[in-house]
Asks: 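Structure in structure tokens, see below.
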Number of protein chains: 2
Amino acid sequence: MSRIIGSPDVFAAIADPTRRAILNLLSQGEQPVKQIAQPFSMSLPAISQHLSVLCEVELVTQRKKGRQRFYRLNPEPLKQVSDWVAHYEQFWQDKLDVLGNYLEDNP
Amino acid sequence: MSRIIGSPDVFAAIADPTRRAILNLLSQGEQPVKQIAQPFSMSLPAISQHLSVLCEVELVTQRKKGRQRFYRLNPEPLKQVSDWVAHYEQFWQDKLDVLGNYLEDNP
DNA sequence: ATAATAGTTAAGCAAATACTTAACTAATAA
DNA sequence: TTATTAGTTAAGTATTTGCTTAACTATTAT
């Protein structure tokens, strides 16, 4: 169960609430770092570090323009999470079915 | 972006690969701790600690029988993850649509 | 050239995490 | 009763994480 070297975990990347909030911001379109940082009560370097974690798992990409760096959401690695959770989705669906059947039989 | 007290994060709980593997094991049905621990090269207390993390976010439940404790998967908190990722699913779907349209127009 | 702006990198730190071994509790078996 | 089994809890440790401030790089503006 050890981590594969050079392939950091997307699950670990989205574990942090600040990083999830950043992804949420970026779902409105690409933004420069200062603008990303603005809603957070945290230093710019902190945000920069979060962005590089997201970059490493390729949840965001960078584009340089002048002295700004625009970060853009790349949702594709989230497929990994989606696929993983889908497996369990089936389980809670089964559970709801059982409940549904029960309610049908016991109205 | 601070953590809600008394409501530990399910995202943090599934960030650990060992815990995800445990959930995967439990998807085959409830199991006592020793059996859960068996495939891992890790001490029993380590597994016990992982189980209590999963318990805190209610991804597993406990049932005592004699001196054994059976742990059972409770997938419901994963809805939170499912809902979160679904929002982005739309995004990569859009992206695929754009690609699809491009391929249609440029066969 | 100098200063200002946008951002990263470096260094350091406190807290959290993922383990370990040892000591404990509770239930069964001899 | 004593020993064994199943598991948790306690205590300690090494590593990682999420921040901070200070120093740096690169680009634009004066």
Side-chain angles (χ1 to χ4, degrees), chain A residues 1-26 29-72, chain B residues 1-26 29-72:
Chain A
M1 298 307 136
S2 64
R3 263 264 229 80
I4 298 121
I5 300 161
S7 153
D9 199 342
V10 67
F11 286 90
I14 64 166
D16 187 273
T18 303
R19 284 195 293 266
R20 289 200 301 279
I22 289 174
L23 293 177
N24 190 49
L25 271 182
L26 293 180
E30 66 170 10
Q31 290 174 44
V33 177
K34 224 185 179 186
Q35 199 173 326
I36 295 168
Q38 196 237 307
F40 298 95
S41 53
M42 204 178 291
S43 70
L44 208 62
I47 297 297
S48 184
Q49 284 156 25
H50 280 305
L51 284 169
S52 64
V53 170
L54 293 172
C55 231
E56 269 163 31
V57 299
E58 297 181 280
L59 276 169
V60 301
T61 56
Q62 255 188 346
R63 183 174 69 88
K64 267 182 85 168
K65 189 174 192 193
R67 59 187 151 184
Q68 297 185 95
R69 273 169 215 209
F70 287 85
Y71 280 85
R72 174 194 291 272
Chain B
M1 298 310 136
S2 64
R3 262 266 228 78
I4 299 122
I5 299 162
S7 153
D9 199 342
V10 65
F11 286 89
I14 63 168
D16 186 275
T18 302
R19 283 194 294 265
R20 289 199 302 278
I22 290 175
L23 293 177
N24 190 48
L25 272 182
L26 292 181
E30 66 169 12
Q31 289 174 44
V33 177
K34 223 185 178 184
Q35 198 173 327
I36 295 168
Q38 197 236 307
F40 299 95
S41 53
M42 203 179 292
S43 70
L44 208 63
I47 298 297
S48 183
Q49 284 155 26
H50 280 305
L51 284 170
S52 63
V53 170
L54 292 172
C55 231
E56 269 162 31
V57 299
E58 298 182 279
L59 275 169
V60 301
T61 56
Q62 254 188 344
R63 183 174 69 88
K64 267 182 87 168
K65 187 173 192 195
R67 58 188 152 185
Q68 297 184 96
R69 272 171 217 207
F70 288 84
Y71 280 86
R72 174 194 291 272

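Residue numbering restarts at 1 for every chain, and letters A, B, ... go by the order of the sequence lines. Source: prediction; values computed, not measured.
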Asks: Does atom CD of B/E58 have more than 12 heavy-atom neighbours, drawn from other residues, nucleotides or ligands, at distances under 6.0 Å?
Replies: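 12 or below, so no.
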Asks: Quick check on D/dT20: is either OP1 or OP2 less than 4.0 Å from any side-chain nitrogen or oxygen of A/S43?
Replies: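 So the side chain of A/S43 is within the cut-off, an N or O lying under 4.0 Å from OP1 or OP2 of D/dT20.
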Asks: Hey, are the side chains of A/C55 and A/Y71 touching, using non-hydrogen atoms and a 4.5 Å cut-off?
Replies: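 Contact flag for A/C55/A/Y71 side chains = yes.
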Asks: Which residues in residues 45-53 of chain A have at least one heavy atom lying under 4.0 Å from any atom of DNA chain C?
Replies: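 Listed by number, they are A/P45, A/S48, A/Q49.
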Asks: Between CD1 of A/I47 and CZ of A/R19, what distance do you get to the nearest 0.5 Å?
Replies: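 It comes to 10.5 Å.
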Asks: Starting from C1' on C/dA18, measure out to CZ on B/F40 and report it in whole angstrom.
Replies: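 Roughly 14 Å, once rounded to whole Å.
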Asks: Specify the separation, in whole Å, of atom CD1 of A/I22 and atom P of C/dG7.
Replies: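 Rounded to whole Å, this separation is 13 Å.
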Asks: Take A/L44 and A/R69, find for each the nucleotide of DNA chain D with the closest heavy atom, and name the residue whose nucleotide sits nearer the 5' end.
Replies: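 Residue closer to the 5' terminus by nearest nucleotide: A/L44.
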Asks: Figure out the CE/C1' separation between B/M42 and C/dT17, and round it to whole Å.
Replies: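 Value for this atom pair: 12 Å.
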Asks: Round to a whole Å and report the spacing from CD of A/E56 to C1' of C/dT8.
Replies: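 So the CD-C1' distance, A/E56 to C/dT8, works out to 14 Å.
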Asks: What integer distance in Å separates B/I14:CD1 from C/dT17:P?
Replies: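 Taking CD1 of B/I14 and P of C/dT17, I get 15 Å after rounding.
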Asks: Can any side-chain N or O of A/R20 pair as donor or acceptor with the backbone N or O of A/A15 at less than 3.5 Å?
Replies: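 Judged by distance alone, yes, a pair lies under 3.5 Å.
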Asks: Shortest non-hydrogen contact from A/L44 to A/K34?
Replies: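 What the structure gives for the nearest pair is CD1-CA, 4.3 Å.
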Asks: Name the nucleic acid region contacted by B/Y71, choosing base, sugar-phosphate or nothing; use a 4.0 angstrom heavy-atom cut-off, strictly under.
Replies: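 Sugar-phosphate contact only.
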Asks: Give a yes/no answer on whether the side chain of B/Q62 brings an N or O atom under 4.0 Å of OP1 or OP2 in D/dT8.
Replies: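 So the side chain of B/Q62 is within the cut-off, an N or O lying under 4.0 Å from OP1 or OP2 of D/dT8.
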Asks: Can you measure from CG (A/L23) to CD1 (A/I14) and round to the nearest 0.5 angstrom?
Replies: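 Here the interatomic distance stands at 8.5 Å.
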Asks: Can you measure B/R63 atom CZ to D/dA6 atom C1' for me and round it to whole angstrom units?
Replies: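 Taking CZ of B/R63 and C1' of D/dA6, I get 15 Å after rounding.
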Asks: C/dA18 phosphate, OP1 or OP2: any side-chain N/O from B/R19 under 4.0 angstrom?
Replies: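 Checking C/dA18 against B/R19, a side-chain N or O does come within under 4.0 Å of OP1 or OP2.
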Asks: Got more than 12 heavy atoms from elsewhere within 6.0 Å of CZ, B/R72?
Replies: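 Counting neighbours around CZ of B/R72, 12 or fewer heavy atoms of other residues, nucleotides or ligands fall under 6.0 Å, so no.
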Asks: Calculate the interatomic distance between B/R67 atom CZ and C/dA27 atom P; express it in whole Å.
Replies: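 Nearest whole value for this atom pair: 11 Å.
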Asks: For B/D9 and C/dT17, what is the distance between atoms CG and P respectively, to the nearest whole Å?
Replies: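 Result: 10 Å.
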Asks: What nucleotide among D/dT8, C/dG7, C/dC19 has an atom nearest to a side-chain atom of A/K34?
Replies: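 When the side chain of A/K34 is considered, C/dG7 is the closest of D/dT8, C/dG7, C/dC19.
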Asks: With heavy atoms under 4.0 Å as the rule, sort B/K64 into base, sugar-phosphate or nothing.
Replies: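 It contacts sugar-phosphate atoms only.
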